[in-house]
Each structure stands twice: as C-alpha cells, then as structure tokens.
Student: 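Please read through the structure below; I'll follow up with questions.
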Amino acid sequence: MKALIVDDESRVRKAIRLLVQWEAHGITDIEEAANGLEAMELIPAFRPHLVLMDMLMPLKNGVDLMEWIHKHYPDIKFIVISGHDDFEFVRNTIWYSGTDYILKPIEEDVINQAVAKATTAWKAEEQERLAARQQHVQVNEYRPVYSEKLLSSLIDDRSAHSQVVNRLRDEGIVPAQTNAIRLAVMQIDKSDHALYGRFGHHQDLLMFALLNICNEFLQKDRIGIAFRPFGSPHQLVLLLWEQLATVPTLLQEINSGMFRTLSRQMHFGISPEGQYPGDVPELYAQCSNALRSRDLTVLNHFIHEAEQQRRSGMDHHKDVQFSGFEDTWKLAVLSGQPVPIGEAVDSFLAAIRKSGVLTPELLERWDREIDRFAHHVIHETANPSSEALLKLYKEESATIERPSPDKYVCSLAEWQQYWDQLMSLLASALQSQKQTGQDLIHDITAFIEQNYQNDVSLYDLASRFHVSREYISRKFKQKHGINIPEHLNRIRISKAKILLQNPGLKMAAISEMVGFKNEKYFSLVFKKQEGISPKEFRKLHEKEA
C-alpha cells in the first residue's frame, strides 16, 4: 500500500514518518507534500491508498484537499492530524468520509490505531470492489462469448441450425423475421505489428475495438451484427439481414471509420444473397474464397465480391508453376553461394511479375511448394543424417518471419527476401553436414587465433565456412561459453600482455599489432578484461622485473 503525508511543517512530516509502524500496516511506499495544492498535483500519479493531512496549510488547506479527494478519488482513506480542536474541522472530516481526527502533539499509539483502522477499512472495501468488478467482468465476458458461439454455429454446425436460430431470436441477437441475408468476412493482417502494438499486442483488445467499429454501423439501424468466428482468430464475420443491396457501400463507410480511428482499411470478402440460416456455411466459404483469390496487383481496392470475382474470372492458366524452377533452385542451393541463390529466387519472382497473376492463395501455395522442395532436397542429399538436418532447418527457419499473404498491400520484395533467406539457410544446413559442429567450431577457432590481428567478422566467417551466421554464433557459444567478439578480444589482450613487457614498444604500436584500430578502445578493452590499464600493467611488470 501507499501513503501520503501532507503538512506544511517538515518536522511534523518527519515525526509522522518515525511514529507510524508502516510495515505492520502493509504500507511500503511513502511520499510527502507541503500543502494541499502540492498533494493534488502528486496524487494522480502516486495514487496513495491513505493520506495523513494537516488542516491549516497555505495554498490549499485540509478542507479543500478533503473535498477534492472525496470528489475525484473516493476510494482513498484519509486521517486528519491537526493542532486545532475545532468542531467545524471535525464536521468536515466526517462529511467527507475521513476515518479519524487526531490532535497534535501526536501520540504513537493513537496514530497507529488510526492507520490500522484506515488500512483495514480500505482492504475490506477493496475486496468488495474486486468482487463486484469480477462479477461485472464475468457477465460482460460471458455474454459476447455466448453470442459468438451461437453465431459461429451457423457456420460450423448445420445440424444445430434450428436450435441456434431459436436462441438467437430469444436473445434478441437476430430478428425472428430474418430470411434473406448476406455475409461479409473481414481479414486482419496478423503481421501488422504497429497496429497490434497500439493495443499492447493483445489480440482480444484489438478485435474488441474492430467489433465495436463494425457494430456501431450495423446496430445503429439494426441491419446486422459483427462477431468473431470460433477457430478463425484473425477474421470478423458480418451477418446482414437488411439493406442487402447497399452492403458494399456500407463496408466502405465502415472502412472509413476504421481509417479515422486506426489509420487502416481492411479487406472484406462479400457473399451474394442467400437464405438464413441454411446458406450461411456456403456464404461464408464464398467470402473466404473472395479474400483468398483477390487480385493483389490492384491497389486501394478493399471490397471483394465473390459473385463479381467469379464472373470476371482471373486467368489462372497463367499461374506460375514452381515445379518449373526446382532444378535451378536445387543447383543454386547445392552451390552454397549467395549469388546463384539470389539469381534463382529472382528468376522465379520475375516470372510471377510477368504473369500479372497474384493472389493470397497463390502465395500460400508457392510457399508450401518451396517448403516441400526444401524437405525433398534435405532427404535427397543428406542421408543418413537427413532427419537431424531437417530438424535443424525447421528450428532455424522458424526464426525467419514469414510475410503475411493477408497484408493490406502486398510486397513481392518481402517474399523474395523471405525465400532468399530460407534457401540461404538451407544451403548453410547442407554445408554444415560436411563438417560436424565440433569440427567446424574447431576450425573456426583456429582461424580466429591465426588472424586475430585482422578484422574477423561473423559475416566473414559465415562466407568462409559456408554456414549461416546464426549457426556459427550459436555453436561457438555452446563450445566456448562466450561469443566470438569476446573470444577475439581475449586473444588480442593475451598477445598484448606479452608485447607490453617490451618497454621499447609504444602503446599505439602494440594496439595496432594486436588488431585494435585505436589506442583508446584497446585501453578500454584491456582494463575491462584485466582490471587495470595497459600502462599500469606495464609499470607493474617493470617493478617485478
């Protein structure tokens, strides 16, 4: 708990600090204020549970402070400690729900009894507040979850339709006379870290905000309802039963509301009209297909009608087939060199751009095919260690963030970079089987010891030994218990200690000879490792000599 002492006399504040047995009352944080105004400025940030205050203070007196606390922070308990036995002061203390009125000079037993009474009262009331809040939260949480469960059943469980329709009607969620309906599905980009960050990366909070925006438009005229479908965490479904012809216009208005509130516009897949409730599963599938087959080459188009896309019919005979590029990719991966890998990925992306056909569905299909390709190459070239290598590849590829096919604006450059990283990782994994982890780190350690005078970067080591930087870094630390830069500095300092024993060598020359580019950084690393500066080390050695 927290307490605030408010008195214009510092000696009184000090006396209160000394007399009250704070820990016994569960109070750990204590602040002070010299008058009522200072207390009013401190309370919003400090949020004390108990205030011990004087009555007669400059700027804002005790009555002003009591009134302000009672109005703005009624949960705070306060005790008045005054040098005036004034009936009006006592009356105000009672009026504003003070727990006690103590006269100065302060007696230890009296003030501790008052603090115990106040803290006990606060704890008891807090328990009641928590119970009330919990009950309120449970009721409010249960209601939307129950509604979403019922509405999701319309999509997932045809056999329960009649029972679900009756419950939705009885709960007042969907009108009894509902017949013709349309569905819309909103797709949320799960890779939009900036948007998720605004909600503390708490998905439920984000979805709650999006639902509120949608339902603000739908519930205003009771034309539909938005809900989260069970099993689809990054989607919202809009069930509409009125004004069906103007659904695309309504969704544009909702998107405008999204943009005003969140600076985002979402992609919607819209179904044609159907019958409630029997057609709901099929309408949902059509919405999802409209989203998966939307043309990613068209910018600033967020409303995708299933019927319209079916009529327009993108020419999928022009789809790029990854199978036609597998041999090129395999040769590039087996080469272990970044240039052929980059060229192989680039040729595949160039074909995609030339085709002019790009949808989320195709991106997911290509990614699955590339994953199968990687598994096939490992099994084909890494026997009998293919299972161990496949496990390593899976673990390391999981650390690379996959672009989302549901992004508001598709970037092929992101997918190109992602596939390039995957193939480079695959090449490194295949190269690493030629040297076991221990042999590889032994060779890398020997190379560092032979080249400590030069710049030895993780990038240089990865290129020289044909494995990924991440793999080298992890294996090296497992072997030596420290990372490569620390190991390199230890070697350099050990060599410097030998050279420092030669009084004819200048400090700058020694620094350069062991691989440090400037004397100041050399001295910093030396002192951090040895506990003394190079000059002190040299003097110490001269004395011993």
Side-chain angles (χ1 to χ4, degrees), residues 187 189-193 267 289-302 304 309 312-381 390 393-394 396-431 459 462-463 466-470:
Q187 185 69 53
D189 175 12
K190 59 186 176 185
S191 69
D192 188 352
H193 302 302
H267 286 283
N289 288 336
L291 286 168
R292 288 171 52 77
S293 61
R294 63 187 173 88
D295 187 354
L296 295 174
T297 64
V298 179
L299 300 179
N300 298 319
H301 180 60
F302 297 95
H304 312 280
Q309 287 189 209
S312 61
M314 295 175 68
D315 186 2
H316 289 290
H317 296 294
K318 292 163 59 181
D319 290 357
V320 176
Q321 301 298 316
F322 176 72
S323 57
F325 294 83
E326 286 194 22
D327 289 341
T328 306
W329 280 45
K330 183 178 178 181
L331 288 172
V333 167
L334 293 177
S335 77
Q337 300 301 312
V339 173
I341 291 172
E343 289 174 348
V345 176
D346 188 58
S347 66
F348 180 55
L349 268 292
I352 292 173
R353 291 188 180 95
K354 185 177 179 181
S355 74
V357 179
L358 186 63
T359 68
E361 185 176 22
L362 284 174
L363 285 170
E364 289 182 338
R365 191 190 81 193
W366 291 325
D367 196 47
R368 288 194 302 271
E369 290 174 349
I370 289 168
D371 188 55
R372 283 196 295 268
F373 161 78
H375 287 206
H376 175 72
V377 170
I378 289 173
H379 281 297
E380 189 178 67
T381 60
L390 185 59
Y393 173 74
K394 284 181 177 179
E396 298 204 355
S397 62
T399 64
I400 303 173
E401 185 174 359
R402 174 181 179 265
S404 171
D406 302 318
K407 294 190 79 165
Y408 315 119
V409 178
C410 176
S411 169
L412 269 179
E414 287 185 358
W415 285 91
Q416 182 173 3
Q417 182 183 23
Y418 171 66
W419 287 329
D420 191 290
Q421 287 178 305
L422 281 182
M423 292 306 101
S424 298
L425 190 63
L426 176 60
S428 293
L430 292 172
Q431 289 290 326
Y459 180 84
S463 299
H466 307 296
V467 289
S468 72
R469 286 171 286 179
E470 294 78 11

Student: Give the minimum heavy-atom separation between Gly356 and Thr297, together with the two atoms involved.
Tutor: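 Gly356 and Thr297 have their closest heavy atoms at O-CG2, 4.0 Å.
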
Student: With rounding to the nearest 0.5 Å, note down the distance linking OG in Ser428 to CD in Gln421.
Tutor: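 Nearest 0.5 Å value for the OG-CD distance: 11.5 Å.
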
Student: Can you list the residues that meet the side chain to side chain donor-acceptor pair (under 3.5 Å) rule with Ser411, with sequence neighbours excluded?
Tutor: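 Here no residue qualifies.
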
Student: State which residue, out of Asp367, Leu296, Val357, fulfils the side-chain contact (heavy atoms from CB on, under 4.5 Å) condition with Leu362.
Tutor: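 Option passing the side-chain contact (heavy atoms from CB on, under 4.5 Å) with Leu362: Val357.
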
Student: Roughly how far, to the nearest 0.5 Å, is CZ of Phe322 from CD1 of Ile352?
Tutor: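 Separation between the atoms: 10.0 Å.
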
Student: Does one side chain, of His304 or Gln187, offer a donor that lies under 3.5 Å from an acceptor on the other?
Tutor: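 No, no side-chain donor-acceptor contact under 3.5 Å.
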
Student: With a 3.5 Å distance limit and no angle check, can you tell me whether Trp366 reaches the backbone of Val320 through a side-chain donor-acceptor pair?
Tutor: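 Yes, because the side chain of Trp366 sits within donor-acceptor range (under 3.5 Å) of the backbone of Val320.
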
Student: Rounded to the nearest 0.5 Å, how far apart are CD of Glu414 and CG of Leu412?
Tutor: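 Glu414 atom CD to Leu412 atom CG measures 9.5 Å (nearest 0.5 Å).
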
Student: Just jot down the side chain to side chain donor-acceptor pair (under 3.5 Å) partners of Glu364, sequence neighbours excluded, or say none.
Tutor: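 By the side chain to side chain donor-acceptor pair (under 3.5 Å) rule, Glu364 matches Arg292.
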
Student: Restricting to non-hydrogen atoms, name the atom on Glu396 and the atom on Leu425 that form the minimum distance, rounded to 0.1 Å.
Tutor: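 In terms of heavy atoms, the two residues are closest at OE1-CD1, 3.1 Å.
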
Student: So how far is it from Lys407 NZ to Ser191 OG, rounded to the nearest 0.5 Å?
Tutor: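 Nearest 0.5 Å value for the NZ-OG distance: 4.5 Å.
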
Student: Tell me every residue that passes side chain to side chain donor-acceptor pair (under 3.5 Å) with Glu369, counting only those two or more places apart in sequence or in another chain.
Tutor: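 Testing Glu369 for side chain to side chain donor-acceptor pair (under 3.5 Å), a comparison that skips the adjacent residues, returns none.
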
Student: With a 4.5 Å heavy-atom cut-off, do Gln321 and Glu326 have their side chains touching?
Tutor: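 Answer no - side chains too far apart.
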
Student: Decide yes or no for Ile341 and Gln337: does some side-chain heavy atom of the first lie under 4.5 Å from some side-chain heavy atom of the second?
Tutor: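 Not in contact.
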
Student: Should Ile370 and Trp329 count as side-chain neighbours, where that means a heavy-atom distance under 4.5 Å?
Tutor: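 Yes, close enough: below the 4.5 Å cut-off.
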
Student: Check Tyr418 against Pro403 and note the closest heavy-atom contact, atom names and distance.
Tutor: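 So the two residues come closest at CG-CD, 3.5 Å.
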
Student: Enter the distance from Asp371:CG to Arg368:CZ here, rounded to the nearest 0.5 Å.
Tutor: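 Going from the CG atom of Asp371 to the CZ atom of Arg368 covers 10.5 Å.
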
Student: Quick one: list whatever passes side-chain contact (heavy atoms from CB on, under 4.5 Å) with Thr399, sequence neighbours left out.
Tutor: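 Residues passing side-chain contact (heavy atoms from CB on, under 4.5 Å) with Thr399: none at all.
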
Student: If you apply the rule side-chain contact (heavy atoms from CB on, under 4.5 Å), what do you find for Leu426 with Leu430, and how did you get there?
Tutor: CA-CA 6 Å; Leu426 176 60; Leu430 292 172; 4.3 Å; yes

Student: Identify the heavy atoms of Ala427 and Gly336 that sit nearest to each other, and give their distance.
Tutor: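 Reported closest heavy-atom pair: CB-CA, 4.0 Å.
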
Student: List for me each residue that meets side chain to side chain donor-acceptor pair (under 3.5 Å) alongside Ser404, sequence neighbours excluded, and say none if there are none.
Tutor: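 With neighbours one apart ignored, the set is Asp189.
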
Student: Contact between His267 and Leu291 at the side-chain level, heavy atoms closer than 4.5 Å - yes or no?
Tutor: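 A side-chain contact exists here, since the closest heavy-atom pair is under 4.5 Å.
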
Student: Rounded at 0.5 Å granularity, tell me how far CG in Leu422 sits from CD1 in Ile400.
Tutor: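 Separation between the atoms: 5.0 Å.
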
Student: Among residues two or more places apart or on two chains, list those pairs meeting ring-ring contact (aromatic ring centres under 6.0 Å, His included) that have a residue in residues 398-417.
Tutor: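 As it turns out, the ring-ring contact (aromatic ring centres under 6.0 Å, His included) pairs with a partner in residues 398-417, which skip direct neighbours, are Trp415-Trp419.
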
Student: Looking at Ser347 and Phe325, what are the two nearest heavy atoms and their distance?
Tutor: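 In terms of heavy atoms, the two residues are closest at O-CE2, 3.8 Å.
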
Student: So, for Ala332 and Ser335, which heavy atoms are closest and what is the spacing to 0.1 Å?
Tutor: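 Smallest heavy-atom distance, with atoms named: O-OG, 2.6 Å.
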
